[in-house]
Asker: 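Sharing a structure with you now.
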Amino acid sequence: MSARKPYYVTTPIYYVNDAPHIGHAYTTLACDVLARFMRLDGYDVHFLTGTDEHGQKVEKAASAAGMEPQPFTDKVSRNFRDLGQLMGYSNDDFIRTTEPRHIKASQAIWQAMAAGKSPKGRDNIYLEKYGGWYAVRDEAFYGEDELTKRDGKMFAPSGAEAEWVEEPSYFFRLSDWQDTLLKHYEDNPDFIGPASRRNEVISFVKSGLEDLSISRTTFGWGVPVPGAPGHIMYVWVDALTNYLTAVGYPDTKSEIFSKYWTADLHMVGKDIVRFHAVYWPAFLMAAGIKPQKRVFAHGWWTNEGQKISKSLGNVIVPAELVAKYGLDQLRYFLLREVPFGQDGDFSNAAMVRRMNTDLANDFGNLVQRVLTQVNRNCNAAVPQHGEYTSADLSILKRAHDLLDRMRVEIQRQSFHLALEAMWELIAAGNRYVDAQAPWGLKKTDPERMATVLYVLVEVIRHLGILAQPVMPISAGKILDQLGLAADERGFDRLGLTHALEPGRALPKPAPVFPRFVVEGEAAKAQG
Ligand code: ME8
C-alpha cells in the first residue's frame with residue numbers, strides 16, 4: 001500500500017490577552033473542516049492550533065489582571081483549549097509559544113537568518129536604532145503616512161493607538177527581499193487566496209519594502225535574542241515560527257519535519273495577511289527554509305451589522321451559541337452563510353433561517369421521510385432494488401459525482417460552494433421523492449417502491465458521509481441510522497462499488513435536525 005500523502009494545515013495562534021470569541025472560533029473551524037475532509041479523503045493530516053503568549057500586549061493584559069505573565073498565559077491559554085473542546089476541533093497539536101520547544105525553535109531560526117545573506121549579499125540581520133510608531137494592540141509597526149491623528153493621538157488603520165518608540169533594535173533586511181518575493185508570488189499563483197488579497201499583497205510589496213525592526217529592548221516578555229543580552233524578539237518573529245516548532249524544527253532531519261514541512265496551508269484572518277504572505281516567506285527564505293505553499297485569508301464577522309468589540313459589549317461568545325442552537329448547527333451556519341473570504345454578519349434571524357430551512361426542512365426531512373418509510377415498509381432493512389430507470393440513474397450519478405465537486409471547492413477553501421453542491425443533491429433528492437411518491441407504490445408496485453427507497457438510501461449514505469467534516473455529530477447519527485460501521489464512513493466507500501447490500505438491518509430512525517422555535521412563536525402556535 002502506498003504511503004498516505006501528508007497535509008499540514010495551521011490556524012493563527014491566538015493572543016492570550018482576551019477570551020475567545022466567534023472570530024477565533026471561525027478560523028479554527030475552517031481548518032477543522034479541511035482537516036476532517038482531507039483525513040476522510042485519505043491524507044495523513046497534521047492540524048495545528050495554539051496560543052501566542054509573548055509580547056507587550058500580553059504583558060500589559062497580565063499586568064491589568066494583576067498577574068505575572070506566565071500564570072496569566074497559563075490561565076488564558078486554557079480558555080482556547082476549552083474552545084477546541086466546545087467546537088469539536090480535531091487538531092493534532094496545540095502549541096504554546098512559552099513552551100521550551102518553541103523558545104528553542106525561535107532562537108534557531110534567528111540564528112539561521114543571521115547566518116544567511118540577503119539576495120543582495122548583505123547580512124539579513126543588523127543592529128541599529130529604531131525610532132518609529134508602534135501599535136501594541138496590533139503588535140505592529142506603522143509608517144507615519146499610514147496613521148491618522150485624532151485628539152493629539154495617532155491611530156493605525158485598524159483603530160489601534162500607535163505610540164512613538166525609540167530603542168536599539170535588530171533589523172531584518174526585508175527591503176532586499178522585495179524582488180524575490182514578487183517572483184515567488186508570480187511563480188506560485190496559488191500562494192495567496194482569495195485573489196483580492198493576493199492583489200493587495202502584491203501591490204504592497206511593489207510599493208517598496210522597508211527593513212523590519214525585529215527586536216525590542218524596552219520590556220522583557222519574549223524570547224531572548226541569542227547572544228544579545230537585553231534584546232527580546234519582536235513577537236511576530238517568535239509567533240510565526242510556531243508553525244516550524246510544531247513539526248520539530250530545528251531538527252530538519254526528523255521524520256515529522258520531512259513529512260509535514262512545508263505547510264500546505266496557513267489559514268488566517270484578513271488582518272494578518274501581511275505577516276503571513278510577506279514577512280514569513282522572507283524569514284523562511286532568509287533562514288534557508290522552503291516557504292509555505294499557501295495562505296488563505298478569510299473575512300471578518302460583525303454582529304447584527306456592528307463591529308464586534310468588547311467596548312461595544314457585543315462580543316459573540318461561542319459557548320452561548322452552541323448552547324442555544326447546537327454545535328453542528330453553528331458549524332454549518334458559519335461556513336454556509338458567508339462566502340469564505342468575504343466579511344459576514346451574524347444575526348440570530350439568519351441562524352434560525354438556516355437551521356429551519358436548510359437543516360430541518362431540506363436535509364432533515366429527506367433523511368427522515370425516507371428512513372421512516374424504509375422502516376415501516378421494508379421490514380427495517382435496506383430494500384432490494386430492481387431495474388433502474390433513467391431518473392434513478394441520474395440521481396445516483398449526482399450522488400457519485402458529489403465528492404469530486406466538493407473536493408475542488410474545499411481545496412480552494414470555498415466551503416460555502418462545497419455546501420451549496422451538497423444542498424443541490426439534497427434538493428434533487430427531495431424532488432425525486434416527490435416525483436416517485438414511493439408511499440403510493442406500496443400496494444400498486446412494491447418492487448418499484450423498494451427500488452426508489454434503495455436509491456434514496458444510497459443518496460443519503462453519500463450525503464451522510466460527505467457531511468461529516470462540517471457536521472460530525474449529526475452526520476454520525478445519519479450514518480448510525482444506516483447501520484454503517486466506523487470503517488465504512490471514509491470517502492473511499494463512496495460510489496457504486498461499496499453500495500449498501502440489500503437486507504442489511506437498519507435501526508429505528510429518529511430525527512437528526514430539530515427545528516428552532518423562536519420564543520413567543522411557540523406560544524402563538526399554541527393559541
Ligand atoms: O492575530 N471575525 O491573534 P488574534 C473573524 N496572535 N475573524 C476574527 C475576528 C472577527 N471579528 N476577530 C479576530 C493574532 N479574528 C496573532 C496571530 S499567527 C502566527 C499570530 C481572527 O488572537 C483574526 O483575523 O488577534 C485572526 O486570524 C485570528 O482571529 C487570531 O487573532
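We count ligands from 1, going down the list as the structure has it; atoms in each ligand are counted the same way. On a predicted model such as this, the values are computed, not experimentally measured, just so you know. These values consider heavy atoms only, across backbone and side chains, with no hydrogens, waters or symmetry-generated copies.
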Asker: Just checking Trp423 against Tyr332, ring centres under 6.0 Å apart?
Answerer: yes

Asker: Could you tell me if the ring centre of Phe415 sits under 6.0 Å from that of His298?
Answerer: no

Asker: Report all N/O contacts between ligand 1 and the protein shorter than 3.5 Å as a table of atom names and distances to 0.1 Å; if there are none, say 'none'.
Answerer:
| residue | atom | partner | partner atom | Å |
| --- | --- | --- | --- | --- |
| ligand 1 | 2 (N) | Trp301 | N | 2.9 |
| ligand 1 | 6 (N) | Ile13 | O | 2.8 |
| ligand 1 | 6 (N) | Asp52 | OD2 | 2.7 |
| ligand 1 | 11 (N) | Trp301 | O | 3.3 |
| ligand 1 | 22 (O) | Tyr15 | N | 3.1 |
| ligand 1 | 24 (O) | Asp271 | OD1 | 2.5 |
| ligand 1 | 24 (O) | Trp300 | NE1 | 3.2 |
| ligand 1 | 27 (O) | Gly269 | N | 2.9 |

Asker: Taking the six-membered ring for Trp, are the ring centroids of Tyr279 and Phe172 within less than 6.0 Å of each other?
Answerer: no

Asker: My understanding is that only one of Leu182, Asn124, Asp211 makes a side chain to side chain contact (heavy atoms under 4.5 Å, CB included) with Trp177; could you say which?
Answerer: Asn124

Asker: Phe340 vs Phe296 aromatic rings, parallel, tilted or perpendicular, using cut-offs 30° and 60°?
Answerer: parallel

Asker: Rounded to the nearest 0.5 Å, what separates atom OG1 in Thr245 from atom NZ in Lys104?
Answerer: 10.0 Å

